[in-house]
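Only a predicted model underlies this, so the values are computations on that prediction, with no experimental measurement involved. In this chain, numbering begins with 1 at the start of the sequence shown.
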Amino acid sequence: MGAGTLFLSNMREYETVTSPAKNAATEAFASLRHTLDSYHPLSEATWSAFRECCRYRELARHEVLYPLGEVPTTYAYVHTGVLRVYVIDEKGTEYNKHFFTEGRFPGSMTALLRREPSRFCIDALEDSAIVEIDHGGFRQLLVEREDLKLFHIHYLERHWLLDKDAREVSLVQEDAGARYRRFLREYPELATRLPQYHIASHLGITPTQLSRIRKKM
């Protein structure tokens, strides 16, 4: 997978890419359409308009998608791979806020809405294939397309309200062992895909603490 290779959705550039790359982009857009429809079905007209806001991109492992301190203009859809959102404190220590796997939409949403520098950094933990989505174009379509608006509502309810509330309660009320067991229930595939120090950072504990918890299980 090439680092940072972009394939825009317009047909002129699409026709210039090689067949394997074209197939990969086609699969990514099909996956995106399936995911959108799983929250609320989109009409062909809405999907066609939405696709014009998108471009296919491949990320190498450790490649930064959205740098800390820059004003983003897009968010993404993960076709394959794992991305993480993290913050860095004044000592340079990284804290993993969230992981995004296949079928999810990572982005620095507060920075996008306020058009301000992002307080988070988002990078790839694996070689990843994504679809970047222009936020301005998406927001305009939300005004125009009722079916896309309903998708947005259902996605936000599930992932930015219900999931966020559960994580905040977990951090306050559960001990480290309980938080790790919850992580394994909710993200079983990440336990084998991520280095343990990334999981420890996400749980708010040290790798040594996580190692002790795993030995007791």
Side-chain angles (χ1 to χ4, degrees), residues 1-10 13-14 17 21 24-25 28-29 31-32 35-36 49-143 148 151-152 155-156 159-161 163-164 167-168 190 193-195 197-202 204:
M1 179 178 291
T5 304
L6 291 175
F7 302 109
L8 300 184
S9 59
N10 66 76
E13 185 162 354
Y14 186 78
V17 300
F29 281 112
S31 174
L32 172 59
T35 297
L36 294 171
F50 181 84
R51 196 184 185 287
E52 289 300 312
C53 299
C54 302
R55 61 182 181 180
Y56 174 73
R57 180 174 178 179
E58 295 178 349
L59 300 172
R61 184 185 179 197
H62 301 315
E63 184 175 355
V64 174
L65 176 59
Y66 300 123
L68 176 71
E70 292 193 7
V71 180
T73 59
T74 68
Y75 66 102
Y77 168 77
V78 182
H79 173 48
T80 60
V82 180
L83 278 68
R84 65 166 175 154
V85 179
Y86 66 97
V87 296
I88 306 174
D89 66 15
E90 63 278 1
K91 297 180 180 179
T93 303
E94 297 178 358
Y95 296 92
N96 292 326
K97 183 174 182 287
H98 204 77
F99 301 112
F100 289 88
T101 55
E102 290 82 359
R104 298 294 300 275
F105 294 84
S108 186
M109 305 313 293
T110 298
L112 282 167
L113 291 170
R114 293 179 176 174
R115 300 179 183 178
E116 64 184 22
S118 176
R119 295 180 297 152
F120 309 118
C121 184
I122 301 179
D123 67 7
L125 296 180
E126 299 176 348
D127 288 347
S128 301
I130 67 169
V131 176
E132 276 195 284
I133 304 164
D134 177 72
H135 185 253
F138 172 73
R139 294 285 293 182
Q140 182 60 40
L141 285 176
L142 282 180
V143 176
L148 188 63
F151 151 77
H152 194 52
Y155 186 86
L156 290 177
H159 297 295
W160 292 98
L161 295 177
D163 288 358
K164 183 174 182 289
R167 172 161 168 74
E168 289 178 348
L190 289 182
R193 294 173 70 175
L194 295 180
Y197 64 85
H198 278 313
I199 297 175
S201 173
H202 177 67

Checklist entry - Could you walk me through whether T35 and F151 pass the side chain to side chain contact (heavy atoms under 4.5 Å, CB included) check? => result CA-CA 10 Å; T35 297; F151 151 77; 5.7 Å; no
Item to check | Pair R104-H98, side chain to side chain contact (heavy atoms under 4.5 Å, CB included): steps then yes or no | outcome: CA-CA 11 Å; R104 298 294 300 275; H98 204 77; 3.9 Å; yes
Next on the checklist: Show, in sequence, the C-alpha distance, side-chain angles and deciding distance for T74 and H135, and conclude whether the side chain to side chain contact (heavy atoms under 4.5 Å, CB included) test is met.
Outcome noted: CA-CA 5 Å; T74 68; H135 185 253; 5.9 Å; no
Checklist entry - Where do I133 and F50 land on the side chain to side chain contact (heavy atoms under 4.5 Å, CB included) test, with the steps shown first? => result CA-CA 9 Å; I133 304 164; F50 181 84; 3.9 Å; yes
Checklist entry - Would H152 and F138 satisfy ring pair (Phe, Tyr, Trp, His ring centres under 6.0 Å), going step by step from the backbone distance to the final call? => result CA-CA 10 Å; H152 194 52; F138 172 73; 5.3 Å; yes
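No donor-acceptor pair under 3.5 Å is formed between the side chain of Y66 and the backbone N or O of P106. Remark: side-chain polar atoms of E132 are not paired, donor with acceptor, to backbone N or O of Y75 under 3.5 angstrom. Under a 3.5 Å cut-off, the side chain of N96 and the backbone N or O of H198 do form a donor-acceptor pair.
Screening L190, L194, V78 for a side chain to side chain contact (heavy atoms under 4.5 Å, CB included) involving T101 leaves a single residue, L190. Each of P72, S108, P67 was scored for a side chain to side chain contact (heavy atoms under 4.5 Å, CB included) with F120, with one residue passing: S108.
Rounded to the nearest 0.5 angstrom, C121 SG and Y86 OH are separated by 3.0 Å. Between R115 atom CZ and L113 atom CG the span is 9.5 Å, to the nearest 0.5 Å. To the nearest 0.5 Å, atom CZ of residue R55 and atom CG of residue D134 are 9.0 Å apart. To the nearest 0.5 angstrom, D123 atom CG is 9.0 Å from L65 atom CG. A distance of 7.0 Å separates CG of L83 from CG of L125, quoted to the nearest 0.5 Å. Note that CG of L32 is 5.5 Å distant from SG of C54, once rounded to the nearest 0.5 Å.
Under the ring-ring contact (aromatic ring centres under 6.0 Å, His included) criterion, F99 pairs with H202, not counting sequence neighbours.
Between Y77 and G103, the closest heavy-atom pair is CE1-CA, 3.6 Å. Counting all heavy atoms, side chain and backbone alike, E63 lies closest to R57 at OE2-NH2, 3.5 Å. Looking at every heavy atom in both residues, E116 comes nearest to V71 through C-CG2, 3.7 Å. Of all non-hydrogen atoms in S118 and L68, the two that sit nearest each other are O-CD1, 3.6 Å.
Residues R84 and E94 have side chains in contact (heavy-atom distance under 4.5 Å, counting atoms from C-beta outward).
For R139, the CZ atom is loosely surrounded, since the number of other residues' heavy atoms within 6.0 Å does not exceed 12.
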